[in-house]
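Ligands are counted one by one from 1 in listed order, and the atoms in each one are counted from 1 as well.
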Amino acid sequence: MHSPSQILKDKFGYESFRFNQAEIINTILQKQDAFVLMPTGGGKSLCYQIPALLFSGLTVVISPLIALMKDQVDALRVNGIKASCLNSSLTAEECSAVYEQLNQGDLKLLYIAPERLFNNGGQFIDFLKSIEVSLFAIDEAHCISHWGHDFRPEYRMLSSLKKDFPTVPIIALTATADKLTRDDILNKLQLDTTKIFISSFNRPNIHYFVEPKRGMYEHLVDYLNQHRDDSGIIYVLSRNSTEALADKLTRDGFSAKPYHAGLTNDCRKESQDLFAKDEVKIIVATIAFGMGINKSNVRFVIHADLPKNIESYYQETGRAGRDGLKSDAILYYSGGDVIKLKKFATVEGNPEQSRIMLRKLSQMASLCEVSACRRKAILNYFGEEASDHCASCDICLSSREKFDGTMIAQKALSAVAMLGSRYGLTYMVDFLRGSKSGKIKEVHKNLKTYGIGNDISKEDWFRYLHELISMGYLKQIGSEYPILALTEKRPLVLQGKEQVFLVKTISKKETALAEKPYEKELFNELKIIRNNWARAENVPAYIIFSDATLLELATYLPQTEQEIRKISGFGDVKLAKYGQPFLNVVVAYCAKHGLASNISEKIPKRERKAKREVDSDTKSISYDLFKNGKTILKIAEIRGLNPSTIENHLAFYILKGKVKVTDLVPLDKIPRITAAIKKQGQYPLAPLKEALGEDVSYSEIRAVINHLRIGKGCSPL
Ligand code: ADP
Ligand code: ZN
């Protein structure tokens with residue numbers, strides 16, 4: 001019998017358990033009930049997926065949303081695990097195929113919505129009684145409680161599970177439950193002897209920032225420009241503002257879509273799919289966008305408006321960084337938002353509830369206003385202890401001191417005076433810094449204040465201008481494209497009659513995704529390959545590999561199959577399928593840039609059964625024979641292998657610079673294959689092969705791909 005840690009490694013490609021995963025899994029394996037409270041991205045799914053693989057019967061997973069089910073099933077299938085779902089999106093044939101699998105005992109996991117589980121007067125429950133069910137997993141278990149924020153009446157029916165299946169263990173999982181909700185869940189599910197597992201709510205990889213809302217758009221654009229390759233969510237309060245902001249961002253060259261409950265189902269589904277597939281980078285949404293988002297590589301969550309309480313803020317920001325990589329939560333704060341939200345917080349005719357809502361709102365506001373660690377404030381709110389300094393929130397990352405900023409103020413005010421109050425913040429900053437960009441009007445480039453502030457960074461200028469605005473030396477007029485204008489306070493400053501104190505923020509804000517240095521360019525190349533596979537298999541990119549896996553590849557630069565199997569996320573099935581293509585990209589990149597493997601820096605791991613180790617040897621045997629002058633046909637004969645296998649072996653050595661492409665591909669075919677690759681991309685190979693026709697083989701395509709990879713351009717010689 002396999003052990004949980006072996007399954008973790010072979011099936012999922014992970015090295016060790018997180019939090020209390022191991023303990024939870026053992027509890028389930030002993031057929032005891034468990035209640036799991038773990039933050040988003042903590043790794044709840046493995047807590048029932050691993051027992052599911054160790055039990056002989058079926059694990060039934062109750063999940064509230066079709067999108068979530070589909071995602072989980074896809075993710076399991078790419079790891080070679082038999083899983084299906086039953087929900088209203090399936091056709092009649094698809095449904096009967098699932099029943100067939102169930103009857104054959106051919107499924108390890110079945111995802112199902114609660115209403116489906118109990119429909120037709122319990123027919124499905126009776127059916128389950130006729131087969132072997134080993135475990136019930138209740139995902140998003142807080143839905144059973146009306147104290148929770150997503151109460152679903154259908155979840156109530158789950159309380160009969162214990163009665164119907166008294167010997168089958170139940171695991172209930174959620175990321176959000178206060179004490180009240182927690183007790184309610186235990187009570188409703190009748191899990192009296194349940195073991196309760198509560199993990200810390202800290203999300204160390206999420207970095208928290210609060211920025212002033214004034215001049216938000218410029219700051220936002222600046223941030224998004226620095227994160228062009230990243231995906232993220234921007235939350236706003238109203239439906240109208242989702243559309244307005246998404247439009248504005250689109251006009252400014254970003255890939256953004258709105259999302260709110262007023263859009264048609266199709267429209268919402270399309271945006272969500274495009275986002276999942278990384279084809280749209282930014283979703284501007286109301287809080288309607290949330291529960292169904294399983295995307296693990298959300299790199300930032302931005303609140304353009306204040307959330308109404310810390311619970312919502314925590315939950316929404318929690319959608320960032322499920323893959324464990326550094327992600328940002330940025331909130332644009334203004335006192336005006338508090339006033340606006342107060343109106344919504346007042347519940348007509350219910351003073352008690354109004355009081356609670358208002359208190360929660362003011363706790364949210366004070367989280368933004370404190371000048372102490374934000375993370376500590378959040379954790380304390382949830383009743384958890386935390387250290388005073390987290391080193392990854394805006395407060396902990398910066399130290400502030402006041403200094404005499406009169407000169408800076410004079411530069412800014414005279415520049416605004418010279419240009420006449422007609423331009424926005426960004427133009428002003430570019431002008432002050434003497435930007436060469438074509439956006440600056442030629443006549444302005446001749447003014448003597450042009451470039452007067454080129455000793456100050458763009459970021460600092462934005463900050464100083466904001467401070468000058470908040471101190472009343474400048475003002476912004478207009479809402480959509482606000483312009484900077486002077487105020488009556490200007491003469492005093494310009495004549496040097498008034499000193500201006502600004503706050504110097506010494507920001508230690510790091511932008512790196514990871515602590516260790518990694519090859520950025522390679523990381524992006526790997527993302528492209530991953531997206532091509534995802535498109536071909538019609539699943540979201542993160543289902544193929546998480547960003548964390550790609551980052552490890554770009555950090556440790558594995559050069560052989562043995563090395564790549566040490567990268568987290570390469571379970572046996574993914575290794576067999578994607579190992580070589582991803583390895584090829586890394587090897588080629590390293591060859592081109594003269595880099596060597598760093599795999600020894602990865603914390604040593606237990607060796608996996610090296611069952612594919614022979615593969616790398618087998619290549620070198622073919623290569624040795626080739627070096628000794630044997631033809632491909634001869635090598636195939638000697639080794640009892642297919643000639644095309646030998647060609648594949650040798651194609652690998654093109655990457656190493658040891659075999660020439662012309663050794664494997666006739667000269668006249670190369671330009672045609674090259675053109676097709678350039679047109680369609682490198683992977684997957686099947687569409688390429690189809691386009692090139694019968695007389696071009698897979699190994700020839702591989703050879704040319706590898707040849708192009710090592711950067712020798714199109715010339716084969
Ligand atoms: P949750 O349901 O708690 O939000 P998931 O189960 O979706 O979280 O897990 C989040 C991510 O972390 C997934 O990509 C998952 O594969 C990964 N993960 C879970 N457990 C581990 C582990 N022990 N080691 C490495 N990655 C893990
Ligand atoms: Zn902090």
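- For ligand 1, the polar-atom distance check against Ser568 finds no nitrogen or oxygen pair separated by under 3.5 Å.
- Counting heavy atoms under 4.0 Å from ligand 1, residue Pro39 touches it through the backbone alone.
- Annotation: Lys308, atom NZ; neighbour count of heavy atoms from other residues, nucleotides and ligands within 6.0 Å does not exceed 12.
- Each of Lys70, Gln72, Arg77 was checked for a side-chain hydrogen bond (donor to acceptor under 3.5 Å, both in side chains) with Asp74, and the lone residue meeting it is Lys70.
- Contacts between Phe17 and ligand 1 below 4.0 angstrom, taking non-hydrogen atoms only, involve the backbone exclusively.
- The aromatic ring centres of Tyr223 and Phe300 sit less than 6.0 Å apart.
- Aromatic ring centres of Phe462 and His219: separated by at least 6.0 Å.
- The two residues Ala329 and Thr317 have their closest heavy-atom pair at CB-CG2, 3.6 Å.
- Between Phe570 and Tyr578, a ring centre-to-centre spacing not shorter than 6.0 Å is recorded.
- Checked against the 6.0 Å centroid criterion, the rings of Phe19 and Phe197 do not qualify as a close aromatic pair.
- Remark: ligand 1 and Leu46 share no N or O pair separated by less than 3.5 Å (distance only, no angle test).
- Polar contact check, Ser296 against ligand 1: no nitrogen or oxygen pair lies under 3.5 Å apart.
- Screening the protein for N, O or S atoms under 2.8 Å from the Zn ion (ligand 2) yields 4; no waters enter the count.
- Here atom 23 (N) of ligand 1 lies nearest to Ser16 when heavy atoms of Ala22, Gly321, Ser16 are compared.
- When all heavy atoms of Ile544 and Arg530 are compared, the pair lying nearest together is CB-CG, 4.1 Å.
- The side-chain contact (heavy atoms from CB on, under 4.5 Å) test with Ile198 is passed by exactly one of Glu384, Arg182, Met38: Arg182.
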